Amino acid sequence: MRKRLSALLISVLALSACGSGGDDSSSEGAAAASCAPSSGPVTLTYTTWIPGIENVVKAWNDKNPNIQVKVQTGPNGNGGTYQNFFNQLKAGNTPDLGHIEYDALPSFRVQDGLFDVASCDIVAKAKDQFIPWTWNQVSFGDDKSAWGIPQDSGPMALFYRADLFEKNGIPVPKTWDEYAAAAEKVKAAGGYITNFSQSDINQFAGFAWQAGGRWFANDGQQWTVNLTDDKTKKVADYWQNLISKKLVSTVPPWTTEWDNAYNSSSAWTWVSAVWGANSIMSGAPKTAGKWRVAPMPQWSAGESIAGNWGGSATAIFKTSKHPYEAAQFALWLNTSEEALGLLNKEAQLYPATTAGTKYSYLANPVEFYGDQKIYEVFAQAATEVTPDFTWGPTMTSTYANASDGFKAAVSGSGTLTDALTSAQKSTIDTLKSQAIPVKE
Amino acid sequence: MLVMAVCTLYFLVPIWWLFVGASKSSDQFTSTNPLWFADFDLFANIGDLIAYRDGVFLRWMLNSLLYTGGAALLGTVLAAMCGYALAKYRFRGRELLFNVVLSGVLVPATALALPLFLLFSKVDATNTFWAVFLPSLVNPFGVYLARIYATASVPDELLEAARIDGSGEIRTFFKVATRLMFPALVTIFLFHFVAVWNNFLLPLIMLSDERLFPVTLGLYTWNTQVNQIPELRGLVIIGALLSITPLVVAFLLLQRFWRNGLGAGAVK
């Protein structure tokens with residue numbers, strides 16, 4: 001229903017999204033005028049599903065009697081909150097601020113739901129505090145605009161069972177070739193090197209991101225979809241090989257089965273994002289003290305490039321009446337040591353600012369990881385993520401299509417590349433059905 | 001007999017699994033037999049659940065009871081009045097009205113959620129108790145059932161007698177008709193209760209204030225956060241166990257009437 005109604009709107013906006021200079025400067029002029037402080041006390045609403053966010057917001061409310069923030073909540077984005085945002089955009093009653101993951105931002109942008117925060121001088125000044133690639137995730141590579149304030153990031157690294165690797169005399173892999181070789185030895189020792197995430201495509205996206213795959217691009221006129229570029233194919237073939245040889249297990253992610261694979265020492269490594277540290281800790285309590293973290297395996301020896309898995313932004317909706325105050329709050333939330341510390345404590349969010357990755361709470365040794373200072377590895381990885389990966393405007397359906405194909409591939413029918421080829425085709429179809437200009 | 005045993009097993013095993021799962025600590029949950037007990041931690045788990053986020057779970061349970069119990073009770077009265085009127089009064093457009101109501105049975109509640117959201121947005125009433133409560137009062141199937149039962153079980157002669165004795169129409173309805181229709185009303189109440197309890201999409205779309213959530217939405221919200229906060233998985237399981245208890249209790253208490261109602265309908 002929504003799709004048809006806004007089809008016209010989308011086509012116009014997608015065209016002007018990063019578009020021609022003349023149009024942009026006039027609309028930016030208007031937006032800049034609207035990013036002015038309001039007079040008198042202001043109440044903002046902020047919808048997010050971050051656990052424990054109330055405690056973070058309370059710290060702000062205590063200090064800012066004139067800008068009070070009210071928290072609203074719901075299921076995670078794809079679980080319903082994004083759909084709610086779209087409904088609210090149509091009804092004109094969105095919250096002032098919303099939590100939107102990087103991969104969903106373009107879909108809100110295409111529907112013209114977001115306020116350009118770059119038009120606020122305080123935001124433009126704060127830009128340099130963010131790790132450049134996280135800023136790229138909200139600016140879509142355009143210097144003049146930004147569609148949210150980066151909140152957290154998910155630089156990836158290799159979690160591995162140091163005890164098992166040592167006992168079996170397997171060196172910790174530094175490249176993907178070594179990783180595949182290690183997989184054979186792990187299998188011989190009765191384990192699996194890892195569990196391939198068959199239904200959560202985001203992990204695969206992180207691998208492709210590291211390898212240099214670029215799935216989407218927007219030249220200001222139209223979108224290009226390229227789920228099957230050479231780099232992505234290389235990654236797909238690599239994992240297909242491990243799956244075909246049964247060197248990886250393939251239980252569905254985020255299930256008790258999956259936890260159990262780690263808890264019972266059947267899976268030995270996990271190439272995952274920084275927040276994975278907590279997943280292992282609570283999913284595999286029996287393995288305490290045995291895990292370590294190393295940089296992500298590389299495609300060429302000697303390189304140091306990391307992928308990213310996850311991360312989100314605090315966006316301001318176009319319908320907000322107080323964008324300036326909303327931007328003030330969003331900046332405090334995502335750059336101040338106090339707020340970032342609280343977010344990390346309540347929800348293990350990993351900051352998107354350069355200074356944030358060096359704060360003291362991320363410098364401590366972690367007992368579960370044998371007192372390794374694991375966040376130093378991630379702080380390094382955060383600087384090694386390549387900056388120009390762009391998400392498409394219909395990721396939900398792209399993920400759904402690709403994950404159907406991945407599930408088929410792990411059960412032996414078709415390959416990962418087949419799955420990507422068919423996701424490529426259906427993504428283009430989805431874009432066309434929503435009247436978003438796309439190059440074929 | 002064997003078929004029945006298999007069916008019983010099929011329905012009971014998930015509940016058994018839920019009960020066993022709810023009694024385990026989180027590390028035993030993944031590492032022990034899913035269909036048999038490990039250390040019995042049920043009460044400690046319930047304690048954790050109730051303590052989590054200042055007892056928001058209890059609030060959700062209370063909300064659910066208010067939404068479903070309240071809407072089912074009021075909705076049953078409305079459906080009974082409507083069905084009774086359609087069965088016992090003659091007026092122009094009666095059949096048309098009945099057919100319109102009946103066609104409402106065919107419209108799934110999920111299809112109405114978004115239009116309702118837009119309507120409530122117009123009057124600025126989204127994210128309130130009423131946004132979920134008011135739409136839940138409507139129950140076309142209840143009207144249909146009430147009409148059938150009223151036709152079958154409330155004799156016109158009895159209503160005539162009441163009128164001659166000087167009873168007003170409203171009094172006649174509450175004092176005479178509802179007594180005769182009682183088994184039907186229980187059936188309507190149960191159907192309505194379950195329908196509102198299971199109508200998940202409406203609160204999902206309408207509500208963004210955690211304090212207003214029904215328990216189904218609250219648990220779903222937690223469940224979507226499991227990959228961020230894995231501890232929540234245990235709470236979701238215990239919460240699910242506790243949240244089905246009101247339904248079980250409602251059915252156990254009311255099934256006696258329900259069976260009577262079905263039997264009465266059969267004889268007529």
Side-chain angles (χ1 to χ4, degrees), chain A residues 1-2 45-55 70-81 83-88 90-95 98 200 202 253-264 275-276 278-288 310 346-349, chain B residues 17 21 24-34 52-54 56 111 113-127 131 200-213 216-237:
Chain A
M1 222 179 308
R2 166 172 58 79
T45 47
Y46 172 35
T47 299
T48 177
W49 56 92
I50 303 170
I53 187 72
E54 300 80 11
N55 301 333
K70 234 178 99 189
V71 172
Q72 303 184 328
T73 188
N76 69 12
N78 289 322
T81 295
Q83 190 54 51
N84 283 351
F85 285 159
F86 284 123
N87 294 342
Q88 289 157 353
K90 196 154 57 174
N93 55 5
T94 54
D200 192 334
N202 277 290
W254 322 124
T255 58
T256 49
E257 238 180 319
W258 189 90
D259 281 347
N260 200 36
Y262 287 93
N263 204 21
S264 62
W275 43 261
N278 193 50
S279 307
I280 301 179
M281 244 188 273
S282 56
K286 276 203 290 195
T287 58
E346 299 285 348
Q348 289 85 40
L349 291 195
Chain B
W17 178 89
K24 289 178 183 171
S25 65
S26 60
D27 55 327
Q28 286 178 337
F29 183 74
T30 49
S31 56
T32 57
N33 181 349
Y52 189 71
R53 292 174 65 88
D54 305 328
V56 74
L114 184 57
L116 281 169
F117 173 79
L118 295 175
L119 279 176
F120 274 83
S121 295
K122 284 256 187 274
V123 292
D124 243 350
T126 56
N127 199 18
F200 167 75
L201 199 67
L202 185 70
L204 172 68
I205 287 185
M206 288 287 188
L207 303 178
S208 50
D209 180 351
E210 190 182 49
R211 311 290 293 171
L212 292 173
F213 284 3
T216 42
L217 178 58
L219 289 178
Y220 172 74
T221 303
W222 280 357
N223 200 34
T224 65
Q225 293 170 354
V226 161
N227 59 4
Q228 217 171 353
I229 306 287
E231 300 87 285
L232 282 175
R233 180 177 288 131
L235 298 184
V236 169
I237 286 165

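Small disclaimer: the values here were computed from a predicted structure and weren't measured. Residue numbers start from 1 in every chain, and the chains themselves are labelled A, B, ... in the order their sequence lines are given, proteins ahead of strands.
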Below 4.5 Å from any heavy atom of chain A, which atoms of [X] appear? Answer side chain, backbone, both or neither.
{"X": "B/N223", "value": "neither"}
{"X": "B/F213", "value": "side chain"}
{"X": "B/R233", "value": "side chain"}

Tell me which of these, [options], has more heavy-atom pairs under 4.5 Å with chain B than the rest.
{"options": "A/L349, A/T256, A/D259", "result": "A/T256"}
{"options": "A/P285, A/P75, A/G92", "result": "A/P75"}
{"options": "A/N263, A/N260, A/T81", "result": "A/N260"}

Can you give me the closest heavy-atom contact between A/P51 and B/Q225, atom names plus distance?
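In terms of heavy atoms, the two residues are closest at CG-OE1, 4.2 Å.
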With sequence neighbours excluded, give me every salt bridge (Lys or Arg N to Asp or Glu O under 4.0 Å) pair touching residues 46-55 of chain A.
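Sorted result for residues 46-55 of chain A: A/E54-B/R53.
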For [X], which atoms come within 4.5 Å of any heavy atom of chain B: side chain, backbone, both, or neither?
{"X": "A/T255", "result": "backbone"}
{"X": "A/S264", "result": "neither"}
{"X": "A/K286", "result": "side chain"}

Set of residues satisfying ring pair (Phe, Tyr, Trp, His ring centres under 6.0 Å) with respect to B/F117, sequence neighbours excluded:
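Testing B/F117 for ring pair (Phe, Tyr, Trp, His ring centres under 6.0 Å), a comparison that skips the adjacent residues, returns none.
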In terms of ring plane angle, is the pair A/W275 and A/W254 parallel, tilted or perpendicular, where the classes change at 30° and 60°?
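Because their plane-to-plane angle lies in the 30° to 60° range, the rings of A/W275 and A/W254 count as tilted.
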Within a strict 4.5 Å, meaning less than it, do heavy atoms of the A/P95 and A/F85 side chains meet?
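A/P95 reaches A/F85 side chain to side chain.
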Would you say B/M206 and B/L116 make side-chain contact, with heavy atoms under 4.5 Å?
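The answer is yes, as the side chains (C-beta and beyond) meet within the 4.5 Å cut-off.
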Does B/N33 CG have over 12 foreign heavy atoms under 6.0 Å away?
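Yes, enclosed.
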